[in-house]
Amino acid sequence: QVQLDESGGGLVQAGGSLRLSCAASGSIFSINDMGWYRQAPGKQRELVARITSGGSTNYADSVKGRFTISRDNAKNTVYLQMNSLKPDDTAVYYCTAEIRSRGWATPSDYWGQGTQVTVSA
């Protein structure tokens, strides 16, 4: 069994910063891509940022220059540093990871439970 545990959400004023963390635990042989998605009320879930096992990253245009994704492979953890936050960034943020539980197994996608980020004007 694999579990993703998120932390770091909360309420912040516009222009402020938050750092999200997501740690994977359980039966893990290897982790490929890790990432963050978000879903605002009444909207579809959207990609925020992804990072490969080698450290290559890609970002949604709306967060480029403000958010930074990183990972600590030794800790099976992915981070999202969010700076210059805007009210439009308000959403539930979900982490995701593509995890191989055994050396011979096909990787599967796992999701965290979500953490609320609220940015006040």
For the residue pair L4 and V78, establish whether any side-chain heavy-atom pair is separated by less than 4.5 Å.
no
Cluster question for you: counting only ILVMFWY and a side-chain heavy-atom cut-off of under 4.5 Å, with indirect links fine, are F67 and V117 together?
yes
For residues 10-63, pull every pair meeting ring-ring contact (aromatic ring centres under 6.0 Å, His included), keeping only residues two or more places apart or in separate chains.
Y37-W111
Begin with the C-alpha distance, continue with both residues' side-chain angles, and end with the deciding distance and a verdict on side-chain hydrogen bond (donor to acceptor under 3.5 Å, both in side chains) for S27 and R102.
CA-CA 8 Å; S27 179; R102 298 285 189 273; 2.4 Å; yes
Quick one: does Y79's side chain get under 4.5 Å of D72's, heavy atoms only?
yes
Salt bridge or not for K64 and D61, using N-O below 4.0 Å?
yes
d(N32 CG, S30 OG) to nearest 0.5 Å is 5.5 Å
Do the non-hydrogen side-chain atoms of D89 and R38 ever get within less than 4.5 Å of each other?
yes
Joint hydrophobic cluster, Y94 plus L80, side-chain heavy atoms closer than 4.5 Å:
no
If only side-chain N and O atoms count, and only distance matters, is there a donor-acceptor pair under 3.5 Å linking S53 with R71?
no
Euclidean distance, S84 OG relative to R66 CZ, rounded to 0.5 Å
7.0 Å
What side-chain donor-acceptor pairs closer than 3.5 Å can you find for residues 7-24, not counting sequence neighbours?
unit_1: S17; atom_1: OG; unit_2: N83; atom_2: OD1; d: 2.9

Looking only at non-hydrogen atoms, find the nearest pair between Q3 and D5 and report the distance.
NE2-OD1, 2.8 Å
Gap between atom OG1 of T57 and atom CZ of R50 - 0.5 Å precision:
12.0 Å
Please confirm whether the backbone N or O of P107 pairs with a side-chain atom of R100, one donor and one acceptor, at under 3.5 Å?
no
Minimum heavy-atom separation for I51 and I69, please, with both atom names.
CG2-CD1, 3.7 Å
Smallest heavy-atom separation, A97 atom then I31 atom, equals CB-CG2, 4.2 Å
Interatomic distance, NZ@K75 vs CG@N73, rounded to 0.5 Å, equals 12.0 Å
